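When a ligand or atom number is given, it counts from 1 through the structure's own listing order. This structure is a prediction, so every number in the text was calculated from the model and none was measured.
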Amino acid sequence: MSVQKTLSLIKPDAVAKNVTGSINSRFEQAGLKIVAQKRLHLTRSQAENFYKVHSDKAFYESLCEFMSSGPIIAQVLSGEDAVAKNRTIMGATNPANADIGTIRRDFGESIEHNAVHGSDSVENAAIEIAFFFSGLEIVE
Ligand code: IDP
Ligand code: MG
């Protein structure tokens, strides 16, 4: 294990429910530190670019529409084993299948409107962090 950084997004459904502070508490309780954070509203083309790995999926158009439908919180989480740790506390993609006590179980609405995004590997975390943040904006 080692100290890693991962990209987290609080998605439009959770921002609209005004539960961003509750979600941030989950990260902090798990020992992850929020070392960068900002609120922004993605354009449709920015959402398409961020999710381009899913461009062949049936849900791609709907996902990009959702992700550009309202404000999000983009954040960088830092800590021991941060990529996998964040995936664990997020829970499964479909909130209905997510473990009790996970963010998606407690705040997600559906397989698409599932409250949070988290990078799935150290390599993708670096790419996704660079999509949203400059080095100057990340403060350990
Ligand atoms: P992940 O967010 O758990 O890594 P991915 O498979 O990478 O899941 O999918 C990216 C996002 O696309 C999901 O978080 C969810 O918002 C949406 N999504 C995934 N599968 C479906 C689906 O079957 N229907 C609708 N939306 C989906
Ligand atoms: Mg994913």
For Asp99, is there any backbone N or O sitting under 3.5 Å from a side-chain donor or acceptor partner on Arg105? no
Among Tyr51, Tyr60, Phe59, which one puts a heavy atom closest to atom 25 (C) of ligand 1? Phe59
With a cutoff of 4.0 Å, is Leu63 in contact with ligand 1, counting heavy atoms of the residue only? yes
Where does Met90 meet ligand 1, judged by heavy-atom distances below 4.0 Å: at the side chain, the backbone, both, or neither? neither
Nearest-contact summary for atom 4 (O) of ligand 1 - protein heavy atom, Å: Arg87 NH1, 2.8 Å
Does a side-chain N-to-carboxylate-O contact under 4.0 Å join Glu140 and Lys33? no
Please check if any side-chain donor atom of Ser78 sits under 3.5 Å from a side-chain acceptor atom of Gln4, or the reverse. no
Which heavy atom of Leu42 sits nearest to which heavy atom of Ser68, and what is that distance? O-CB, 3.3 Å
How far is atom 23 (O) of ligand 1 from its nearest protein heavy atom, and which residue and atom name does that atom have? Ile111 CD1, 3.7 Å
If you take all heavy atoms of His54 and Tyr60, which pair is closest and at what distance? O-CB, 3.3 Å
Heavy atom of the protein closest to atom 3 (O) of ligand 1 (residue, atom name, distance): Thr93 OG1, 2.5 Å
re atom 2 (O) of ligand 1, the protein heavy-atom contact at minimum distance is Arg104 NH2, 2.9 Å
Looking only at protein heavy atoms, which one is nearest to atom 6 (O) of ligand 1, and how far off is it? His54 CE1, 4.0 Å
